[in-house]
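A short worksheet on the structure shown next.
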Amino acid sequence: MIRIRNISVIILAKNEEAGLGNTLGQLSAFEDVIVVDSQSEDNTVEIAERHGARTVDFAWDGKYPKKKQWSLQNAGAVNEWVLLLDADEFPSLSLVRELAILDDHLAESNHGAYDINLLYRFAGRYLRFGHVVTKRSLLHVDRAHFPVVDDLSAPGIREVEGHYQPETSWSIGRLRSRIVHDDRDPVSSWFARHNRYSDWEAHLRTNSTLREHVASKRTSKGRLFDVLPFKPLLFFAYAYILRAGFLDGRAGFDYAVALAAYYWQIGVKTRERLRA
């Protein structure tokens, strides 16, 4: 039986009763699991406690630190290394095995964080091709931190840090296996979230200093996407053709179109803000 003793797991949750039990069921190898809950109104806390996770309450005060950095500082992780997950994310079995091997060597690690690719579920299907999101999810609590960004007045994204990565002055490692992003919500939920995200992105694009600041905190892939012209068209070509998203069938096509439309939406909202 695999046991991981030197990596704590922190799960960010708010009204996650539908999928949290499944996520926690995938984390039996980890000895320290914490759910940081934003005053859920459903059974999120009861489900977390039933699965043996510790729960910590979070109430955002409208300032920094936001939820991810606050959790690193205050959730009470017993280890220096934390795997930071959303409530619908869990390590694949191959990633659990990879982390178990790494677990014995983390004390000698010169890294401040590790980047991990996501295996994304969209429209009921796991997407193995097309665009792959990379998250800096395994973090050393003293070596990595989420930056303070001047976006407290921005619409769209509030208590949780936006689309940028935590920083570290140490080197950054990369793991081969993936985190499963098991999004079981209806597709309408994906569109609702990205409608909010596009509000935040449009705000960035009308504030050049803030945009440059956030862009510097993104992965090289994110920085490239940020400056590309004709983004919706190029992104579709990249995700669906160059990255072979067509091999994921109809879900691959729908995901490529949805993300292309997301970038188109950001452009429309940006132009509207500039006219105001």
Side-chain angles (χ1 to χ4, degrees), residues 1-13 23-36 48 51-56 58 64-120 132-149 160-161 163-182 216-223:
M1 182 177 180
I2 297 175
R3 299 303 296 169
I4 298 177
R5 298 180 173 83
N6 299 312
I7 300 172
S8 297
V9 178
I10 293 179
I11 299 172
L12 308 177
T23 295
L24 292 170
Q26 309 295 327
L27 300 174
S28 58
F30 296 86
E31 292 194 350
D32 187 37
V33 179
I34 306 163
V35 173
V36 177
H51 282 79
R54 290 187 288 132
T55 60
V56 176
F58 174 74
Y64 277 91
K66 292 189 174 184
K67 191 172 183 177
K68 292 180 180 178
Q69 182 61 34
W70 185 94
S71 298
L72 293 177
Q73 295 173 331
N74 300 290
V78 300
N79 295 301
E80 294 177 327
W81 286 93
V82 168
L83 183 64
L84 190 62
L85 301 172
D86 291 337
D88 56 1
E89 295 176 345
F90 56 83
S92 61
L93 181 56
S94 59
L95 180 56
V96 171
R97 291 170 177 156
E98 193 174 356
L99 290 171
I101 295 171
L102 182 65
D103 193 55
D104 294 331
H105 304 283
L106 278 174
E108 299 87 41
S109 175
N110 291 320
H111 297 317
Y114 288 82
D115 286 351
I116 309 175
N117 287 343
L118 298 189
L119 175 61
Y120 205 91
V132 176
V133 174
T134 301
K135 291 181 73 173
R136 194 159 295 156
S137 296
L138 181 58
L139 307 171
H140 189 292
V141 294
D142 294 326
R143 300 176 187 172
H145 67 278
F146 286 86
V148 174
V149 173
V160 178
E161 287 81 349
H163 291 161
Y164 45 83
Q165 302 281 11
E167 297 179 303
T168 179
S169 59
W170 296 63
S171 58
I172 299 169
R174 175 177 282 274
L175 299 179
R176 296 187 305 276
S177 305
R178 296 197 196 189
I179 290 172
V180 179
H181 185 111
D182 191 25
S216 70
K217 315 302 178 191
R218 288 176 161 159
T219 62
S220 56
K221 193 164 50 180
R223 291 194 296 273

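Since we're looking at a predicted model, the values are computed, not measured.
With hydrogens and angles ignored, the 3.5 Å screen pairs a side-chain donor or acceptor of Ser171 with a backbone N or O of Asn110. A donor-acceptor pair under 3.5 Å links the side-chain atoms of Arg143 to the main chain of His111, judged by distance alone. With hydrogens and angles disregarded, no donor-acceptor distance shorter than 3.5 Å links the side chain of Glu89 to the backbone of Ile179. With hydrogens and angles disregarded, no donor-acceptor distance shorter than 3.5 Å links the side chain of Glu80 to the backbone of Asp142.
Leu95 contributes atom CG, which lies 7.0 Å from atom CG of Leu83 (distance to the nearest 0.5 angstrom). Atom CD of Glu167 and atom NE2 of His145 lie 4.5 Å apart (nearest 0.5 Å). For the atom pair CG (Leu72) and CZ (Phe146), the distance works out to 6.0 Å, reported to the nearest 0.5 Å. Separating the CZ atom in Arg176 from the CD atom in Glu98 is a distance of 4.5 Å, to the nearest 0.5 Å. Here the OG atom belonging to Ser177 is positioned 8.0 Å from the CG atom belonging to Leu99, to the nearest 0.5 angstrom. The CG atom of Asp182 lies 12.5 Å from the CG atom of Asp86; values are rounded to the nearest 0.5 Å.
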If you apply the rule side-chain contact (heavy atoms from CB on, under 4.5 Å), what do you find for Val180 with Gln26, and how did you get there? CA-CA 10 Å; Val180 179; Gln26 309 295 327; over 6 Å; no

Could you check Thr168 against His140 for side-chain contact (heavy atoms from CB on, under 4.5 Å), going step by step and ending with a plain yes or no? CA-CA 9 Å; Thr168 179; His140 189 292; over 6 Å; no

Pair Ser92-Leu119, side-chain contact (heavy atoms from CB on, under 4.5 Å): steps then yes or no: CA-CA 9 Å; Ser92 61; Leu119 175 61; 5.9 Å; no

Mind running side-chain contact (heavy atoms from CB on, under 4.5 Å) on Tyr64 and Lys66 for me, showing each step along the way? CA-CA 5 Å; Tyr64 277 91; Lys66 292 189 174 184; 3.8 Å; yes

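Taking the six-membered ring where tryptophan is involved, the planes of His181 and Tyr120 are essentially parallel, since the angle between them stays under 30° and well short of 60°.
For Phe90 against Leu85, the heavy-atom pair with the smallest separation is CA-CD1, 4.2 Å. For the pair Ile4 and Asp103, the tightest heavy-atom approach, listed with the atom from each and the gap, is CG2-OD1, 3.5 Å. Summarising the geometry of Arg136 relative to Leu139, their closest heavy-atom pair is O-CD2, 3.4 Å, with the distance given to 0.1 Å. The shortest non-hydrogen separation linking Thr134 to Gln165 is O-NE2, 3.0 Å. Taking both residues in full, the closest heavy atoms of Ala75 and Ile10 are given as CB-CD1, 3.9 Å, listed atom of the first, atom of the second, then distance. Taking all atoms of both residues into account, the shortest heavy-atom contact from Thr23 to Ala87 is OG1-O, 2.6 Å.
In this structure, the side chains of Leu175 and Ile116 come closer than 4.5 Å at one or more pairs of heavy atoms. Between Leu24 and Val33, some side-chain heavy-atom pair lies under the 4.5 Å cut-off. In this structure the side chain of Leu138 reaches within 4.5 angstrom of the side chain of Leu102, judged on heavy atoms. Residues Ser71 and Lys67 are in side-chain contact: their nearest non-hydrogen atoms beyond the backbone lie under 4.5 Å apart.
Taking a cutoff of 4.0 Å between a charged side-chain nitrogen and a carboxylate oxygen, Glu31 and Arg5 qualify as a salt bridge.
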